[in-house]
Amino acid sequence: MSEHSSESVTNDPVIVIGAGIVGAATARALQRNGHKVILLDSAEPGNATSFGNAGFLSVDSLIPLARPATLKKVPQMLMDRDGPLTVHPPSLPWLLPWMARFALAAMSQKEVQKGKEMFRPLMLEADIAWKAEIQASGLGELFRTRGALYVYESEASFQGTDEMRGLQSGKGTEFEIVDGNRARELAPGLSPTIVRGIHYPNGTHTINPHKVVATLVERFTAEGGTVMRGRVRGFRRDGNRVTAVQLTDSEIPASAVMIAAGRASGELTRLLGFNAPLVAERGYHVMVAPDNVRFDLPVSPPDRGLFFTPMAEGLRIAGTVELAAPHQPPSWHRADLLKKHLKDIFPGVGGAEQSRWIGERPTLPDYRPAIGRAPRLANVYCGYGHQHLGLTLATATGRLIARLMEGEELPSALQACDPGRFG
């Protein structure tokens, strides 16, 4: 047993803080490795950011968003209130330090390269891990492998994908470059303005993201796991080990702690003496009635920063980015904008609005997640900052943390995800 293995010190449970998709998947992975696990959250499992994502397992996203190409577009995007990226104006003073760090990461060739080298093994792990989890937890009825289609309204926009496609080819990703007519065959109803597409025939999506989390938690409890409600106010420590998680009116003994609390993870890391500069990268979705929806795969116009995903309860339009300080009121015009995009890309498709939603994607300035052991602490582990890729990377994160707890080391490329890199 490794010196880092929690069971070498105590038989108390591992406490996973955060019952979204990352926490639920990690709890399952630890449970399968024989750990006694408590899944702890202040809310019902899966009711926060994991509730409303676009539902696509984006295992072929291989370049961090913090890169020069993105940085060049930022000033223009920020001037467009209806663009794919905007800043919540009252939040700007709070956001400035994070934005400065983002700019430094995007300008650094070394940091960008770390991201590229990290994503390939991480996404390979994610692909394997999701296939295994879908089978192990009986999730098959919630997932569809119908492919995915990225669509482009100009040749210039399509040509901007050259680097991504090159990396995908190196990973072994299967894809087909199609013209506008073929794109409209794959997704009937697409606008005549679409001139190019990239079809990924093996793309997988879920028809109910919230039910995925709920089912994972059900299986976790059915196999002996414990779910607790409570708000963390501190940690009891003995040297470099956390021995208990302190709640408002009680405390839970712990053999190890895993932080997977999304944006709120930054508040927990401060209690433990290290920094997680997370912002709320707010995303919106609108569910509309599936009128005239004749496609069964997720469709994304990347320049608009969103997905159209057929789901069990209708058509979900999800995406765009609004950077904001925590706990700010929603900007519901961003949801209205999603419906406008639907009319532009799929004229005549989709019926009445059924619901709308806002979620806070937890995002670090270099757009790399924090996955690994916390700095200066022997039994605290981290899995947060997954930005747009929380669903995609959840099971991979869980498996990697489970291996760390057994004394294994992460692949060298994943040192770029070191939770201690921000001090």
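Values reported hereafter were calculated over all heavy atoms of this structure, with side chains retained and with hydrogens, waters and symmetry mates removed. Computed from a predicted model, the values in this text were never measured in an experiment.
Thr363 meets the side-chain hydrogen bond (donor to acceptor under 3.5 Å, both in side chains) test with Glu281; sequence neighbours excluded. In terms of the side-chain hydrogen bond (donor to acceptor under 3.5 Å, both in side chains) criterion, residue partners of Glu155 (sequence neighbours excluded) are, by chain and number, Arg196. Scored by the side-chain hydrogen bond (donor to acceptor under 3.5 Å, both in side chains) test, Asn240 finds no partners at all (sequence neighbours excluded). Checked against salt bridge (Lys or Arg N to Asp or Glu O under 4.0 Å), Glu174 has no partners two or more places apart in sequence or in another chain. Here Arg236 pairs with Glu251 under the salt bridge (Lys or Arg N to Asp or Glu O under 4.0 Å) rule; sequence neighbours left out. Residues meeting the side-chain contact (heavy atoms from CB on, under 4.5 Å) test with Thr145, sequence neighbours left out: Thr204. Residues that satisfy the side-chain contact (heavy atoms from CB on, under 4.5 Å) test with Lys72, not counting sequence neighbours, are absent from this structure. Listed by chain and number, the residues in a side-chain contact (heavy atoms from CB on, under 4.5 Å) with Pro188 are Arg294, Phe295 (sequence neighbours excluded). The side-chain contact (heavy atoms from CB on, under 4.5 Å) search around Asn181 returns Asp179, Arg184, not counting sequence neighbours.
For Gln109, the CD atom counts as loosely surrounded, since its 6.0 Å shell holds 12 or fewer non-hydrogen atoms of other residues, nucleotides or ligands. No more than 12 heavy atoms of other residues, nucleotides or ligands lie within 6.0 Å of CG in Asp238, so this atom counts as exposed by the packing criterion. For CD of Glu267, the number of neighbouring non-hydrogen atoms (other residues, nucleotides, ligands) closer than 6.0 Å is greater than 12. The environment of NZ in Lys171 is crowded: more than 12 heavy-atom neighbours from other residues, nucleotides or ligands sit within 6.0 Å. Within a 6.0 Å radius of CZ in Arg403, other residues, nucleotides and ligands contribute more than 12 heavy atoms.
In this structure, the separation between NE2 on His341 and CD1 on Ile317 is 9.5 Å, given to the nearest 0.5 Å. Distance check: Asn53 CG to Trp357 CH2 gives 7.0 Å after rounding to the nearest 0.5 Å. Between the CG atom in Leu404 and the CZ atom in Arg399 there is a gap of 13.5 Å [rounded to 0.5 Å]. Of the inter-residue distances, the one linking Arg316 atom CZ with Phe56 atom CZ reads 15.0 Å to the nearest 0.5 angstrom. Note: Asp344 CG to Leu337 CG = 9.0 Å, rounded to the nearest 0.5 Å. Interatomic distance, OH of Tyr367 versus CD1 of Ile63, reported as 15.0 Å (0.5 Å rounding).
Distance alone, capped at 3.5 Å, places no donor-acceptor pair between the Ser108 side chain and the Ala105 backbone. Between the side chain of Trp130 and the backbone N or O of Leu391, at least one donor-acceptor pair lies under 3.5 Å. Side-chain N or O atoms of Arg233 include one that pairs as donor or acceptor with a backbone N or O of Leu247 at under 3.5 Å. Within the 3.5 Å criterion, the main-chain N or O of His199 finds no donor-acceptor partner in the side chain of Arg182. With His285 contributing its side chain and Gly52 its backbone, the two residues share a donor-acceptor pair below 3.5 Å. In this structure, the side chain of Ser300 engages the main chain of Leu306 through a donor-acceptor pair within 3.5 Å. Although no hydrogens or angles enter the test, the distance criterion places no donor-acceptor pair under 3.5 Å between the side chain of Ser265 and the main chain of Ile259. Looking only at distances, no side-chain donor or acceptor of Thr193 sits under 3.5 Å from a matching main-chain atom of Glu153. Checked by atom type and distance alone, the side chain of Asn379 pairs as donor or acceptor with a backbone atom of Ser255 at under 3.5 Å. One N or O on the side chain of Ser50 and one on the backbone of Ile21 form a donor-acceptor pair closer than 3.5 Å.
Residue pairs meeting the side-chain hydrogen bond (donor to acceptor under 3.5 Å, both in side chains) criterion with at least one partner in residues 91-104, sequence neighbours excluded, are His88-Ser91.
Annotation for Ala29 and Gly398: closest pair CB-O, 3.4 Å, computed over non-hydrogen atoms. Taking both residues in full, the closest heavy atoms of Leu389 and Ser58 are given as CD2-CB, 4.0 Å, listed atom of the first, atom of the second, then distance. Taking both residues in full, the closest heavy atoms of Arg282 and Gln328 are given as NH1-O, 2.9 Å, listed atom of the first, atom of the second, then distance. Nearest heavy atoms, Pro301 versus Ile345: CG-CG1, 4.1 Å.
Counted by atom type alone, Gln31 and Arg28 present one or more donor-acceptor pairs between their side chains at under 3.5 Å. His35 and Glu406 are linked by a side-chain donor-acceptor pair at a separation below 3.5 angstrom, with hydrogens and angles left out of the test.
Here the options are Ile15, Thr243, Val257, the test is side chain to side chain contact (heavy atoms under 4.5 Å, CB included), and the partner is Phe235; only Val257 passes.
Judged by the 6.0 Å distance and 45° axis criteria, Arg165 is positioned over the aromatic ring of Phe158.
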Open item on the list: Please determine whether side chain to side chain contact (heavy atoms under 4.5 Å, CB included) holds for the pair Leu85 and Leu323, giving the CA-CA distance in whole Å, both sets of side-chain angles, and the decisive distance to 0.1 Å.
Closed with: CA-CA 8 Å; Leu85 168 65; Leu323 296 175; 4.2 Å; yes
Open item on the list: As a quick check of understanding, evaluate side chain to side chain contact (heavy atoms under 4.5 Å, CB included) for Leu297 and His205, giving each step before the final call.
Closed with: CA-CA 8 Å; Leu297 77 175; His205 73 282; 5.5 Å; no
- [ ] In sequence, state the C-alpha distance, the side-chain angles, and the governing distance for Thr397 and His386, and then conclude on side-chain hydrogen bond (donor to acceptor under 3.5 Å, both in side chains).
- [x] CA-CA 10 Å; Thr397 298; His386 294 82; 2.9 Å; yes
Task: side chain to side chain contact (heavy atoms under 4.5 Å, CB included) between Val14 and Met405, worked out - done: CA-CA 10 Å; Val14 177; Met405 287 196 187; 3.8 Å; yes
Pair up each side-chain donor or acceptor in residues 211-219 with any protein partner under 3.5 Å, not counting sequence neighbours, and list the distances.
| unit_1 | atom_1 | unit_2 | atom_2 | d |
| --- | --- | --- | --- | --- |
| Thr215 | OG1 | Lys211 | O | 2.7 |
| Arg219 | NH1 | Ser137 | O | 3.3 |
| Arg219 | NH2 | Glu223 | OE2 | 3.4 |

Donor-acceptor list for residues 416-423 side chains, cut-off 3.5 Å, not counting sequence neighbours:
| unit_1 | atom_1 | unit_2 | atom_2 | d |
| --- | --- | --- | --- | --- |
| Asp418 | OD1 | Gly420 | N | 3.0 |
| Arg421 | NE | Asp366 | OD2 | 2.7 |
| Arg421 | NH1 | Pro369 | O | 3.4 |
| Arg421 | NH1 | Cys417 | O | 3.3 |
| Arg421 | NH1 | Asp418 | O | 3.0 |
| Arg421 | NH2 | Asp366 | OD1 | 3.0 |
| Arg421 | NH2 | Asp366 | OD2 | 3.4 |
| Arg421 | NH2 | Arg368 | O | 2.6 |
| Arg421 | NH2 | Pro369 | O | 3.4 |

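Remark: Glu163 engages Lys116 in a salt bridge, criterion side-chain N to carboxylate O under 4.0 Å. We find that Glu322 and Arg334 are not joined by a salt bridge, their nearest charged nitrogen and carboxylate oxygen being 4.0 Å or further apart.
Using a 4.5 Å heavy-atom threshold, the side chains of Phe119 and Ser61 count as separate.
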